[in-house]
Peer 1: 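Handing you this structure, nothing more for now.
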Amino acid sequence: MLPSGLRIGPLDLAARVDEALRVQAVAFGLSEEEVGIRRYIVQRHMTCPGARALGAFTEDGALTGFVYGMPNDRGHWWSGIVEPYLRAGGHDGWLDDAFVITELHVHPGFQGHGVGRELITRITDGAAEPRSILSAIDTESPARGLYRALGYKDLARQVHFPSAGLPYAVMGAELPLLRP
């Protein structure tokens, strides 16, 4: 159950990109330079066919969390990086007919209250694709625990993205996601 006064709804991410990136910076520990790079990436992603975003809002409209994603396209940068890792494990078919969770971040003051769970389940409930994929830092974390509880399984581990200091895991789940 969401905290009192919090609502989940559509987010015009292109218009509220700076607010969303402030949430991501606090939740994920981004530098100002990284925020600037991600601003460009988010704005570009939101022009992709099928890209959508949801936000978690307080009663006064402040953004406390967000998720966005889109149908996967093997021509996108992310797919090109993860494809060899998925292929090595026999999972490269997951790149087809999948909705990618591109980013999911919740302000630390709102974490642990079901906000992330509600964001990811609602955005995938609206997906036309039969499955979802995402990448997360390859360490045991509350985020990875949430993804597993929703039905995501590791498809590839120790995935190295250029400019990322830590390795990632690629995870996939059949839709709809599991409910508690």
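Source: prediction; values computed, not measured. Just so you know, residue 1 is the first one in the sequence shown, and it goes up from there.
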Peer 1: Evaluate whether atom CD of Q158 has more than 12 neighbouring non-hydrogen atoms of other residues, nucleotides or ligands under 6.0 angstrom away.
Peer 2: yes
Peer 1: Quick one, I8 and L119 - any side-chain contact, counting heavy atoms below 4.5 Å?
Peer 2: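 Heavy-atom side-chain distance check passes, below 4.5 Å.
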Peer 1: So do the side chains of I133 and L95 get within less than 4.5 Å of each other, counting heavy atoms only?
Peer 2: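 A side-chain contact under 4.5 Å exists here.
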Peer 1: Do you know which two heavy atoms are closest between V35 and A25, and how far apart they sit?
Peer 2: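 The answer is CG2-CB, 4.0 Å.
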Peer 1: Minimum heavy-atom separation for A156 and V159, please, with both atom names.
Peer 2: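 Heavy atoms of A156 and V159 come nearest at CB-CG2, 3.9 Å.
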Peer 1: With side chain to side chain contact (heavy atoms under 4.5 Å, CB included) as the criterion, how do Y147 and L134 come out once you've worked through the C-alpha distance, each side chain's angles and the decisive distance to 0.1 Å?
Peer 2: CA-CA 9 Å; Y147 302 146; L134 57 81; 3.8 Å; yes
Peer 1: Determine, using the 4.5 Å side-chain heavy-atom cutoff (strictly less than), whether I120 and L11 are members of one ILVMFWY cluster.
Peer 2: no
Peer 1: I'd like to check M70 versus H76 (side-chain heavy atoms, cut-off strictly below 4.5 Å). Are they in contact?
Peer 2: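 In contact.
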Peer 1: Search all heavy atoms of V115 against all heavy atoms of L2 and return the closest pair with its distance.
Peer 2: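 Closest pair (atom of V115, atom of L2, distance): CA-CD2, 3.8 Å.
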Peer 1: Does the side chain of L155 come within less than 4.5 Å of Y85's, by heavy atoms?
Peer 2: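 Of all side-chain heavy-atom pairs linking L155 with Y85, none is under 4.5 Å.
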Peer 1: Are Y68 and V82 connected in a single hydrophobic cluster, I mean Ile/Leu/Val/Met/Phe/Trp/Tyr linked by side-chain heavy atoms less than 4.5 Å apart?
Peer 2: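 Cluster IDs for V82 and Y68 match.
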Peer 1: For residues 48-61, tabulate all N or O donor-acceptor pairs below 3.5 Å that involve a side-chain atom, not counting sequence neighbours.
Peer 2:
unit_1	atom_1	unit_2	atom_2	d
R52	NH1	I123	O	3.1
R52	NH2	I123	O	2.9
R52	NH2	G126	O	3.4
T58	OG1	D60	OD1	2.3
T58	OG1	A62	N	3.1
D60	OD1	A62	N	3.3

Peer 1: Got a salt bridge between R122 and E118, using NZ or NE/NH1/NH2 to carboxylate O under 4.0 Å?
Peer 2: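 Here R122 pairs with E118 in a salt bridge, since their nearest N and O are under 4.0 Å apart.
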Peer 1: If hydrophobic clusters are built by linking Ile, Leu, Val, Met, Phe, Trp and Tyr wherever their side-chain heavy atoms come under 4.5 Å apart, do V106 and F28 end up in the same one?
Peer 2: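 They do not share one cluster, since no chain of ILVMFWY contacts under 4.5 Å joins V106 to F28.
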Peer 1: I need the minimum non-hydrogen distance between A20 and L13, along with the two atoms involved.
Peer 2: CB-CD1, 3.5 Å
Peer 1: What distance separates S163 OG from I37 CD1, expressed to the nearest 0.5 Å?
Peer 2: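 Output value for this atom pair is 7.0 Å.
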Peer 1: Do V26 and H105 pass the side chain to side chain contact (heavy atoms under 4.5 Å, CB included) test, and can you show the C-alpha distance, the side-chain angles, and the key distance before you say yes or no?
Peer 2: CA-CA 9 Å; V26 172; H105 298 286; over 6 Å; no
Peer 1: What are the two closest heavy atoms between R74 and D92, and how far apart are they?
Peer 2: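 Of all heavy-atom pairs spanning R74 and D92, the closest is NH2-O, 2.7 Å.
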Peer 1: Hydrophobic clusters here meaning ILVMFWY residues chained together by side-chain heavy-atom distances under 4.5 Å, can you tell me if F161 and L86 are in one?
Peer 2: yes
Peer 1: Does S132 use its side chain to pair, donor to acceptor, with the backbone of F99 at less than 3.5 Å?
Peer 2: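 Side chain of S132 to backbone of F99: a pair is present.
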Peer 1: Side chains of S79 and D73, heavy atoms from C-beta outward: is any pair under 4.5 Å?
Peer 2: no
Peer 1: So how far is it from R179 CZ to R117 CZ, rounded to the nearest 0.5 Å?
Peer 2: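 Nearest 0.5 Å value for the CZ-CZ distance: 9.0 Å.
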Peer 1: Look at the side-chain heavy atoms of Ile, Leu, Val, Met, Phe, Trp and Tyr, link any pair under 4.5 Å apart, and say whether M46 and W77 land in one connected group.
Peer 2: yes
Peer 1: May I ask you to test the D96-W94 pair for a side-chain heavy-atom distance under 4.5 Å?
Peer 2: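 No, their side chains stay 4.5 Å or more apart.
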Peer 1: Does the side chain of Q24 come within less than 4.5 Å of F66's, by heavy atoms?
Peer 2: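 Yes - at least one pair of side-chain heavy atoms lies under 4.5 Å apart.
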Peer 1: Determine, step by step, whether E103 and R38 satisfy the side chain to side chain contact (heavy atoms under 4.5 Å, CB included) criterion, reporting the C-alpha distance in whole Å, the side-chain angles of both residues, the deciding distance to 0.1 Å, and the verdict.
Peer 2: CA-CA 11 Å; E103 299 288 350; R38 288 179 187 249; 3.3 Å; yes
Peer 1: Looking at R131 and D97, is there a salt bridge between them, counting it only when a charged N and a carboxylate O are closer than 4.0 Å?
Peer 2: no
Peer 1: Please examine the side chains of D18 and R39, heavy atoms only from C-beta on, and report whether any two atoms are closer than 4.5 Å.
Peer 2: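 In contact.
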Peer 1: Show the numbers, then the answer: is there a side chain to side chain contact (heavy atoms under 4.5 Å, CB included) between L146 and Y152?
Peer 2: CA-CA 9 Å; L146 168 63; Y152 285 90; over 6 Å; no
Peer 1: Measure the CG-NE2 distance between D138 and H160 for me, rounded to the nearest 0.5 Å.
Peer 2: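 The NE2 atom of H160 is 8.5 Å from CG of D138, to the nearest 0.5 Å.
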Peer 1: To the nearest 0.5 Å, what is the distance between CG (D154) and CZ (R144)?
Peer 2: 4.5 Å
Peer 1: Report the relative orientation of the aromatic rings in H107 and F110; use parallel for angles under 30°, tilted for 30 to 60°, perpendicular for over 60°.
Peer 2: perpendicular
Peer 1: How far does CD of E83 sit from CH2 of W78, to the nearest 0.5 angstrom?
Peer 2: 11.0 Å
Peer 1: Roughly how far, to the nearest 0.5 Å, is the CD1 atom of I137 from the OH atom of Y168?
Peer 2: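 Separation between the atoms: 4.0 Å.
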